[in-house]
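Atom set for the values below is all heavy atoms of this structure, side chains included, hydrogens, waters and symmetry mates excluded.
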Amino acid sequence: MRIGELSERTNTSRRLLRYYEEQGLIISDRCANGYRNYDDRLVDRVLQIRGLLTAGLPTRIIKQILPCLDKPRSIYFPDATPEMIATLELERDRMTERINCLARNRDAIDAYLDAVLSNNRPHAAADEASTTS
């Protein structure tokens with residue numbers, strides 16, 4: 001697929017896709033006319049990259065962990081430094097905190113919706129009965 005289609009399918013700007021390619025996060029083939037051609041599997045890859053960036057990981061770390069996101073997994077990191085491991089542990093812990101916060105917020109919204117919907121049901125039935133009488 002061309003860069004425009006990948007951009008649309010991932011809601012990612014073309015400029016950002018080119019940046020991901022410059023950083024070695026995604027790879028394109030070049031057609032005879034010079035246009036980039038992307039494999040369909042890159043849709044999921046771009047979404048994963050965006051999620052990791054949103055979670056706070058820098059592109060240099062994302063590049064190193066991308067093999068872990070593929071199947072079959074062949075994980076081999078000859079350059080896994082103590083700094084990289086510490087960074088990944090810190091980012092993992094930050095993600096866990098955000099996941100927990102999001103789960104609490106989701107549960108609060110669920111409780112609010114349950115209360116609102118259960119409070120509206122009796123009123124709606126009473127209103128309907130008074131309009132039909």
Q) Same hydrophobic cluster for Leu90 and Ile65, using side-chain heavy-atom links shorter than 4.5 Å among ILVMFWY? A) no
Q. Which pairs pass side chain to side chain donor-acceptor pair (under 3.5 Å) with one or both residues in residues 95-114, sequence neighbours excluded?
A. none
Q. Between atom OG1 of Thr87 and atom CD of Gln64, what is the distance when rounded to the nearest 0.5 Å?
A. 9.5 Å
Q. What residues, two or more places apart in sequence or in another chain, satisfy side chain to side chain donor-acceptor pair (under 3.5 Å) together with Glu21?
A. Ser28, Arg36, Tyr38
(Q) Nearest 0.5 Å, please: how far is OG1 in Thr54 from CD1 in Ile49? (A) 11.5 Å
Q: Supply the members, apart from Ile109, of the Ile/Leu/Val/Met/Phe/Trp/Tyr cluster built from side-chain contacts under 4.5 Å; use none for a lone residue.
A: Leu113
Q.
I want to check something: taking the side chain as every heavy atom from C-beta on, are Thr10 and Leu6 in contact at a cut-off of under 4.5 Å?
A. yes
Q: Under the side chain to side chain contact (heavy atoms under 4.5 Å, CB included) rule, collect the residues that match up with Ser7, sequence neighbours excluded.
A: Arg14, Leu17
(Q) Which heavy atom of Ala55 sits nearest to which heavy atom of Met95, and what is that distance? (A) CB-CE, 3.4 Å
(Q) So, using side chain to side chain donor-acceptor pair (under 3.5 Å) as the criterion, who are the partners of Arg18 when residues are at least two apart? (A) none
Q. Is there a side-chain contact between Tyr20 and Leu42 (heavy atoms, below 4.5 Å)?
A. no
(Q) Is it true that, when you exclude Arg30 itself, more than 12 heavy atoms of the residues, nucleotides or ligands shown sit nearer than 6.0 Å to its CZ? (A) yes
Q: Taking salt bridge (Lys or Arg N to Asp or Glu O under 4.0 Å) as the test, write out the residues that go with Asp40, two or more places apart.
A: Arg9
**Q.** For Gln23, all residues meeting side chain to side chain contact (heavy atoms under 4.5 Å, CB included), sequence neighbours excluded
**A.** Tyr19, Leu25, Thr59
Q. For residues Arg50 and Thr12, is any side-chain donor paired with an opposing acceptor at under 3.5 Å?
A. yes
Q | Minimum-distance pair of heavy atoms, taken over all atoms of Ser118 and Ala115 | A | OG-O, 3.1 Å
Q) Can you find a pair of side-chain heavy atoms, one from Leu88 and one from Leu57, that are under 4.5 Å apart? A) yes
Q) Do the charged groups of Arg94 and Glu91 touch, with an N to O distance under 4.0 Å? A) yes
Q | Contacts of type salt bridge (Lys or Arg N to Asp or Glu O under 4.0 Å), residue Asp39, not counting sequence neighbours | A | Arg41
Q) Take atom CD1 in Ile27; do more than 12 heavy atoms of anything else shown fall under 6.0 Å from it? A) no
Q | Point-to-point distance, once rounded to the nearest 0.5 Å, from CZ of Arg45 to CG of Leu66 | A | 4.5 Å
Q | side chain to side chain contact (heavy atoms under 4.5 Å, CB included) against Thr81, all qualifying residues, sequence neighbours excluded | A | Glu83, Met84
Q. Short question: side chain of Asn37, backbone of Asp29 - any donor-acceptor pair under 3.5 Å?
A. no
